[in-house]
Amino acid sequence: MLLPTQQKVVRLAHRPTTEIDPSYHLPLTYERVPTFDDDGNRPLVLLHRLYLSIDPAMRGWMSSARSYLPPVPINEVMRGATLSEVVAVRGVSRLKVGDVVSEFAGEAGGWQEYAIVSAKSVRKIETWSDLCDDNQQIPRELPLTIHLSILGTTGLTAYFGFIRVGCPRLPSKSKPPEVVLVNAAAGAVGSVVCQIAKNVYGCKVIGVTGSDAKCRLLKDDLNCCDAVINYREMENEVSRNAQTSDPAELFALKSIEFQKQLRKVLKEIDSKGLDIVFDNVGGYQLNECLSRLNYFARVAICGAISGYNNDLTKQQSGNTVSQTGLYMKHGMAIISLRAKIQGFIVLDYIKEWSHAKKDLARWVLEGKIRYQQEDIRDGLENAPTALVELFRGNNNGKLIVKVGDQLAKKNKIVSRL
């Protein structure tokens with residue numbers, strides 16, 4: 001089939017300081033499909049986007065605040081992790097037309113239907129034969145999108161954050177199972193952390209999530225949590241009964257109630273404290289967990305989604321309470337408990353991704369991690385709204401946007417390049 005000349009593109013038009021307005025901050029445009037415009041020898045590939053991962057980190061990339069990656073420049077294509085198919089190749093390359101490749105944060109952005117990138121900047125996705133031992137049965141029913149969820153940076157974030165930063169130990173005759181708390185536990189990363197903790201390392205797991213349905217998912221369906229906390233139900237109860245609308249006072253009230261919930265679930269699982277906290281949220285949840293740590297506990301800071309919609313370029317004043325809450329109310333306890341708090345980025349471990357993917361694939365085949373159908377929205381034009389929905393918690397599992405259907409699978413591609 002003949003490739004189109006026009007494509008959909010989403011660019012960052014303005015930097016948000018509160019919640020994202022899809023049409024204002026991330027407007028959709030129609031632009032020409034790029035072509036190889038020089039005769040150089042550098043290997044290049046023309047990619048057709050298939051799927052776009054929607055991740056909390058995108059909100060940070062939209063800010064001008066300092067981070068592990070440079071901010072997305074104004075009027076540039078919005079950045080995102082993708083699965084794409086190769087539809088044209090220029091120069092000598094290991095890639096061929098029809099190959100499906102992944103990008104974590106593509107050099108051409110990600111939020112567009114077609115892009116030209118250097119061949120070395122993309123990674124051909126592994127087949128199950130690459131990831132499995134010879135004696136393992138290769139599944140045929142798992143979709144391509146698993147390479148953006150369990151076998152993508154979602155699963156890798158859970159893997160390295162829990163195993164490398166959390167440093168779990170297996171239970172023994174002399175040492176009981178470690179106690180792990182995961183917030184945003186029903187999310188894409190959190191649910192994988194819970195399953196690794198419970199099913200691979202034999203930990204007792206407490207999951208914090210935002211609805212009764214998600215609590216049931218963790219405790220009854222995935223069977224990866226021994227106890228759960230519905231923080232949103234708790235917050236709603238606090239708001240209904242509070243005689244104040246002051247954010248700082250509400251923050252304090254939520255902290256008190258969450259501390260009660262922690263005591264309740266720890267008693268429920270016959271434990272006195274937390275050995276590992278995998279934090280995706282920040283805010284009062286992180287603060288109150290610090291007061292419940294055991295000696296030599298480990299806290300892995302993966303994200304702070306409770307504060308991503310704040311203006312990250314502004315400093316918190318001394319007399320205000322940040323909704324992000326990465327200040328440590330119980331910070332002195334860290335000293336006496338000899339606990340460790342460490343932030344991490346999945347890119348820190350990029351040289352070990354191949355080994356980690358094999359472990360994750362093996363655990364999927366062994367039933368220790370259960371594949372969950374992703375929440376897939378159709379059309380690049382719906383990506384900005386999907387990002388807003390992510391921060392509102394209106395997604396079920398890993399959130400992905402389907403950008404296009406595979407062309408090379410069914411058709412001979414004819415390009416104008």
Side-chain angles (χ1 to χ4, degrees), residues 47 49-57 68 80-86 94-95 98-106 110 117 119-168 182 187-201 222 224 278 280 300 302-303 344-374 376 397-400:
L47 302 180
R49 305 295 191 199
L50 303 176
Y51 295 98
L52 169 68
S53 177
I54 302 297
D55 299 298
Y68 63 96
T82 58
L83 290 178
S84 308
E85 65 175 329
V86 176
R94 57 190 167 80
L95 299 172
D99 285 344
V100 177
V101 297
S102 64
E103 292 178 281
F104 170 67
V117 301
K120 67 179 182 180
S121 72
V122 297
R123 181 187 186 119
K124 185 177 178 180
I125 63 169
E126 299 90 345
T127 65
W128 280 99
S129 298
D130 298 327
L131 297 170
C132 301
D133 296 332
D134 292 338
N135 60 346
Q136 288 181 307
Q137 184 176 357
I138 297 174
R140 299 186 183 278
E141 71 280 6
L142 296 179
L144 194 62
T145 48
I146 196 172
H147 291 278
L148 285 178
S149 56
I150 296 172
L151 298 181
T153 52
T154 296
L156 293 169
T157 298
Y159 180 98
F160 289 111
F162 182 68
I163 295 174
R164 287 301 189 83
V165 181
C167 301
V182 183
V189 172
S191 61
V192 177
V193 174
C194 291
Q195 291 179 83
I196 295 174
K198 182 71 176 175
N199 300 330
V200 178
Y201 284 90
L222 295 177
C224 61
F278 192 100
N280 293 296
C302 179
F344 73 96
I345 301 296
V346 71
L347 290 175
D348 297 342
Y349 306 96
I350 193 167
K351 293 182 180 179
E352 302 174 58
W353 283 13
S354 294
H355 174 78
K357 284 187 178 185
K358 289 183 179 181
D359 280 345
L360 291 165
R362 185 176 77 253
W363 294 335
V364 169
L365 297 182
E366 293 171 351
K368 293 177 180 177
I369 298 177
R370 204 180 83 186
Y371 169 74
Q372 301 174 75
Q373 181 65 44
E374 298 92 358
I376 299 179
K398 174 64 182 175
L399 188 53
I400 294 172

Q: Applying side chain to side chain donor-acceptor pair (under 3.5 Å) between Thr145 and each of Glu374, Gln373, Lys398, report the one that passes.
A: Glu374
Q. Any side-chain heavy atom of Tyr68 sitting closer than 4.5 Å to one from Val346?
A. no
(Q) Can you confirm if the aromatic rings of Tyr349 and Phe160 lie within a centre distance of less than 6.0 Å? (A) yes
**Q.** Side chain to side chain, Phe162 and Val192, heavy atoms closer than 4.5 Å
**A.** no
Q) Salt bridge check: are Lys357 and Glu352 linked by an N-O gap of less than 4.0 Å? A) no
Q: Apply side chain to side chain contact (heavy atoms under 4.5 Å, CB included) to the pair Ile125 and Val101, showing each step before the final yes or no.
A: CA-CA 5 Å; Ile125 63 169; Val101 297; 5.8 Å; no
Q. Just by modelled atom types, is the Gly187 backbone N or O under 3.5 Å from a matching donor or acceptor in the Ser191 side chain?
A. yes
Q: Please report the closest heavy-atom contact between Leu148 and Thr154, naming both atoms and the distance.
A: O-OG1, 3.4 Å
Q) Tell me, do Val122 and Val117 make a side-chain contact under 4.5 Å, heavy atoms counted? A) yes
Q. Is there a side-chain contact between Lys124 and Leu95 (heavy atoms, below 4.5 Å)?
A. yes
Q.
Could you report the tightest heavy-atom contact between Asn280 and Gly190, atom names first, then the distance?
A. ND2-CA, 4.3 Å
Q: Could you please spell out the steps behind the side chain to side chain contact (heavy atoms under 4.5 Å, CB included) verdict for Val100 and Leu144?
A: CA-CA 9 Å; Val100 177; Leu144 194 62; 4.1 Å; yes
Q) Where do Ala300 and Gly161 come nearest, in terms of heavy atoms and distance? A) CB-O, 3.7 Å
Q. Within a reach of under 6.0 Å around NZ of Lys358, are more than 12 heavy atoms found that belong to other residues, nucleotides or ligands?
A. no
Q. Do Arg123 and Ser354 have side-chain heavy atoms sitting under 4.5 Å apart?
A. yes
(Q) As an exercise, state the distance from OG of Ser149 to OH of Tyr371, rounded to the nearest 0.5 Å. (A) 5.5 Å
Q. How about Gln195 and Gln372: do any of their side-chain heavy atoms sit closer than 4.5 Å?
A. yes
Q. Do side-chain atoms of Thr153 reach the backbone of Leu156 as a donor and acceptor pair under 3.5 angstrom?
A. no
Q: Would you check if Val193 and Tyr159 make a side-chain contact, meaning some heavy-atom pair closer than 4.5 Å?
A: no
Q. Rounded to the nearest 0.5 Å, how far apart are CG of Leu365 and CH2 of Trp128?
A. 5.0 Å
(Q) So, taking the atom named CG in Leu47 and the one named CG in Leu83, what distance separates them when rounded to the nearest 0.5 Å? (A) 11.0 Å
Q: With side chain to side chain contact (heavy atoms under 4.5 Å, CB included) as the test, would you mind laying out the steps for Ile150 and Ile369 before giving the verdict?
A: CA-CA 9 Å; Ile150 296 172; Ile369 298 177; 3.9 Å; yes
(Q) I need the Trp353 CH2 to Ser102 OG distance, nearest 0.5 Å. (A) 7.5 Å
Q: Report the distance from atom CG of Leu151 to atom CG of Leu360, rounding to the nearest 0.5 Å.
A: 6.5 Å
(Q) Cys302 and side chain to side chain contact (heavy atoms under 4.5 Å, CB included): which single residue from Val182, Ile345, Thr157 fits? (A) Thr157
Q | For Lys368, the option from Asn199, Ile196, Asp359 that meets side chain to side chain contact (heavy atoms under 4.5 Å, CB included) | A | Asn199
Q) How about Thr82 and Tyr51: do any of their side-chain heavy atoms sit closer than 4.5 Å? A) no
